[in-house]
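Take a look at the structure set out below.
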Amino acid sequence: MKLESVLVGFIPEPRGRDALALAVLLARQAKARLLVATVQPPVWTTPGPARADLSEWRMYLKEQADATLEQARSLTGDEADYVVHTHKGSGRGLVELARRRAADVVVIGSAPRGGKGRISVGSTADQLLHSSSVPVLLAPRGYADAPTSAFERITVAYRRGPCADAAVRDAAKAAVTLDVPLRLITLVIRGVRRAKVEEDMLTRLRDQVAADLTEAASGQRPHIRAEFEILEGRDVAQAMGQTSWLPGELLICASSNAGPLRRVFLGDTSLKIVRAATCPVMILTRQA
């Protein structure tokens, strides 16, 4: 996974500032180019009962876009490029722009209805998480209020299979780029009582994950620090609460096997992980 070009969707709201703060951190630590974009509707989409004529509507859109990017520039300065992109849907517009500008990742903020420090998937994220051709990075609500100074570790939500194996390889490359350790977590959802067959399954699972992690880590130059944990709980949220999370944590999830190749496709389990996370979450594209 490359991290040479970071695209962030910005709107003049707290979630836009959350996304921008996260994108700036990623671009700085990865030494990547940063592109700040605002997506506006087409000129011919007139408001209400079309009371404004076309020229007035065009001027209004331009003023709004200029004001939006000026606010972003006041927060980011000259370390980014700024662009206005036109599309009927903000998420699909970012997908299109990422393809045109060869972005390696798209960053957006949480929908406003989510709790502070958590991620809620709104319409923009939904469009991106079911069609983006590059990974999507989501900032928790309120991230810009106290952003971390650096990423400290990458954690991969791991379930053995082709997509997860590719995710580990991508995460290992990202760990080298960001100069952070790598951790795999495997979630085991269980009942109140554990049977012997479950104990045997966990033993085999630990051996398999340890071998997978060793292979991913040893293939990197320079060598990266790596560890793994198996987290158990009655549901995803409880399982994720069984471990500690660093202030500079970055959680990575693989796309669902049901999605199209080279696209992001958020499955049910990954969606539960996103909602339970208390740190930024990146969803990778599905690999062969």
| Donor-acceptor side-chain pairing of T155 and E249 below 3.5 angstrom | yes
| field | Listed once per pair and sorted, the side chain to side chain donor-acceptor pair (under 3.5 Å) pairs that draw on residues 14-30, sequence neighbours left out | value | E13-R15, R17-Q71, R28-E79
| request: Using a 4.5 Å cut-off on heavy atoms from C-beta on, say whether the side chain of K173 contacts that of T177. | output: no
| Pairs satisfying ring-ring contact (aromatic ring centres under 6.0 Å, His included), at least one member in residues 58-92, at least two apart | W57-Y60
| message | Let's go through M59 and E56 carefully: what are the C-alpha distance in whole Å and the side-chain angles of both, what is the deciding distance for side chain to side chain contact (heavy atoms under 4.5 Å, CB included) to 0.1 Å, and is it a yes or a no? | response | CA-CA 5 Å; M59 183 178 298; E56 291 177 342; 5.7 Å; no
| remark: With sequence neighbours left out, the residues meeting side chain to side chain contact (heavy atoms under 4.5 Å, CB included) with D179 are none
| query | Taking C-beta and beyond as the side chain, do V36 and D81 meet within less than 4.5 Å on heavy atoms? | reply | no
| Do L25 and T148 come close enough that some side-chain heavy atom pair is under 4.5 Å? | yes
| Is there a donor in the side chain of T124 and an acceptor in the side chain of S90, or the other way round, less than 3.5 Å apart? | yes
| query | Are any of the side-chain heavy atoms of V281 and I283 separated by less than 4.5 Å? | reply | yes
| query | Donor-acceptor pair, D104 side chain versus E4 backbone, under 3.5 Å? | reply | yes
| Counterpart residues, salt bridge (Lys or Arg N to Asp or Glu O under 4.0 Å), relative to D145 (two or more places apart) | K116
| field | Non-hydrogen atoms of A171 and I154 that approach each other most closely | value | O-CD1, 3.9 Å
| query | With no hydrogens and no angle check, is any side-chain donor or acceptor of W245 less than 3.5 Å from a backbone partner on M240? | reply | yes
| query | If only atom types and distance count, is the side chain of R92 paired as donor or acceptor with the main-chain N or O of L128 below 3.5 Å? | reply | no
| query | For D66, which residues count as a side chain to side chain contact (heavy atoms under 4.5 Å, CB included) partner, sequence neighbours excluded? | reply | K62
| field | Minimum-distance pair of heavy atoms, taken over all atoms of V8 and L34 | value | CG1-CD1, 4.1 Å
| message | Checking side chain to side chain contact (heavy atoms under 4.5 Å, CB included) between D170 and each of M1, K2, M282, which is the one that passes? | response | M1
| request: Measure the shortest side-chain to side-chain distance between V83 and L69 over non-hydrogen atoms and say whether it is less than 4.5 angstrom. | output: no
| task | Please list all pairs passing the salt bridge (Lys or Arg N to Asp or Glu O under 4.0 Å) test where one or both residues lie in residues 133-144, with sequence neighbours left out. | result | none
| query | Mind checking whether V106 and L137 have side chains closer than 4.5 Å, heavy atoms only? | reply | no
| task | Please check if atom CZ in R101 has more than 12 non-hydrogen atoms from other residues, nucleotides or ligands closer than 6.0 Å. | result | no
